[in-house]
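Each remark here refers to the structure printed beneath this line.
Numbering of ligands and ligand atoms starts at 1, following listing order. Heads up: numbering here begins at 1 and tracks the sequence.
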Amino acid sequence: MGLLEGKTGLIFGVANERSIAWHIAKNAAAQGATCAFTHLPGEKMEGRVRRALENGELGDAWLRPCDVSSDDDLDALFAAAKEDLGRLDFVVHSVAYADREYLKAGRFAETPREVFTQALDISAYTLVAIANRARELMPDGGSILALSYYGAEKATPGYNVMGVAKSALESAARYLAAELGESKIRVNSLSAGPCRTLSAMAVGGIDVMLDRMEKTAPLRRNIETDEVGKAAVYLLSDLSSGVTGETHHVDAGYNAVAA
Ligand code: NAD
């Protein structure tokens, strides 16, 4: 009997087989979950995500377009999920965006208003927008998980406006946890160490982050993206039934020590 047997989850953020969301989905499916997915609108994006799902043996999964910055897209997505899936037991928010031009060390102070607003909207506000729609489909409770990074807690060269967005994301998760707890809906953040994904490559200094982790993290190594997937299963399953409003680090212990 898998840890997520009989549970259905909606996963935002698969772009390819390197995506953290893909690794979460693979581990969740291995534990018996039925996973449904979204992709950025457009045939090309759909094809790319479908190929990634096929390579993860998730080829038959429910897949719908959704640009999370659009309320209309979110409304249409959740209406379709209600119709086709009926209810949800978990939701994974593994989505972030900021103009890469401003993800370079030494450029945070230059962040223009519209770059800041867009990064905060897509990377943080959407957790609120998604949770508010998902709760209707969670009559018996559920688990909502957001992906964060240590740059939420400490200024990290090159992470810039994304660090500010991740602080807002983690805070939003706590506020949602406080409000949705009475509906038995848990909301947590998973703060992952650096993984070589499409998004990570857009952040200046990813190689420096990986090198620093290897030298200073208690485990003296970087994490595997699969380890994020495994920890996510814990947070999505009843194993973590008493855990909400938490930021759980999967970073080889990096956050626990002074570099
Ligand atoms: P990724 O590029 O594989 O995934 C990012 C996803 O965000 C993509 O699927 C992309 O399509 C989606 N996205 C961006 N804008 C969107 C929009 N408007 N509407 C819908 N989807 C949109 O990269 P990843 O590293 O797997 O990132 C997933 C999450 O993990 C992000 O929140 C990221 O900040 C976080 N994270 C990543 C790392 C890392 O080192 N890779 C570390 C900690 C946290």
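- Closest to atom 28 (C) of ligand 1 among all protein heavy atoms lies S94 OG, 3.0 Å.
- Ion pairing of K104 with E101 is present here, as a side-chain N (NZ or NE/NH1/NH2) and a carboxylate O approach within less than 4.0 Å.
- Closest approach of L180 to A131, counting heavy atoms only: CD1-CB, 4.3 Å.
- The shortest contact between atom 18 (N) of ligand 1 and any protein heavy atom is with D67 OD1, 2.9 Å.
- Checked by distance only, ligand 1 and A200 stay at 3.5 Å or farther apart across all their nitrogen or oxygen atoms.
- Numbered from 1 in the order shown, with element, the atoms of ligand 1 that lie under 4.0 Å from a heavy atom of C66 read 19 (N), 20 (C).
- Remark: E57 CD is loosely packed, at most 12 non-hydrogen atoms of other residues, nucleotides or ligands lying under 6.0 Å away.
- Counting non-hydrogen atoms of neighbouring residues, nucleotides and ligands closer than 6.0 angstrom, the CZ atom of R221 exceeds 12 such neighbours.
- Between P41 and P65, the shortest heavy-atom contact is CA-CB, 4.1 Å.
- Residue-to-ligand polar distances keep N16 apart from ligand 1: every N/O pair is separated by 3.5 Å or more.
- Residue-to-ligand polar distances place G13 within reach of ligand 1: an N/O pair is separated by less than 3.5 Å.
- Listed by number with element, the atoms of ligand 1 under 4.0 angstrom from any heavy atom of P194 are 40 (O).
- The aromatic rings of Y234 and H248 sit tilted relative to each other, their planes meeting at an angle between 30° and 60°.
- By heavy-atom distance, the residue among D251, V14, L210, I20 lying nearest atom 37 (C) of ligand 1 is I20.
- Closest protein heavy atom to atom 40 (O) of ligand 1: C195 N, 2.8 Å.
- Close to ligand 1: G193, with a non-hydrogen atom less than 4.0 angstrom away.
- Distances shorter than 4.0 angstrom occur between a heavy atom of K166 and an atom of ligand 1.
- Looking only at distances, no side-chain donor or acceptor of N132 sits under 3.5 Å from a matching main-chain atom of V128.
- Side-chain N or O atoms of S191 include none that pairs as donor or acceptor with a backbone N or O of S189 at under 3.5 Å.
- Listed by number with element, the atoms of ligand 1 under 4.0 angstrom from any heavy atom of S199 are 1 (P), 2 (O), 4 (O), 5 (C), 23 (O).
- Residue contact check: A15 has heavy atoms under 4.0 Å from atoms 3 (O), 8 (C), 9 (O) of ligand 1.
- The shortest contact between atom 22 (C) of ligand 1 and any protein heavy atom is with V95 CG1, 3.5 Å.
- Atom 30 (O) of ligand 1 has L147 CB, 3.4 Å as its closest protein atom, hydrogens excluded (heavy atom only).
- Any N or O atom pair closer than 3.5 Å counts here, and S19 shares at least one such pair with ligand 1.
- Panel note: side chain E227, backbone E224; a donor-acceptor pair is recorded below 3.5 Å.
- The protein heavy atom nearest to atom 10 (C) of ligand 1 is L40 CD1, 4.4 Å.
- Of the protein's heavy atoms, V68 N, 2.9 Å lies nearest to atom 19 (N) of ligand 1.
- From the protein, the heavy atom lying nearest to atom 44 (C) of ligand 1 is S148 O, 2.9 Å.
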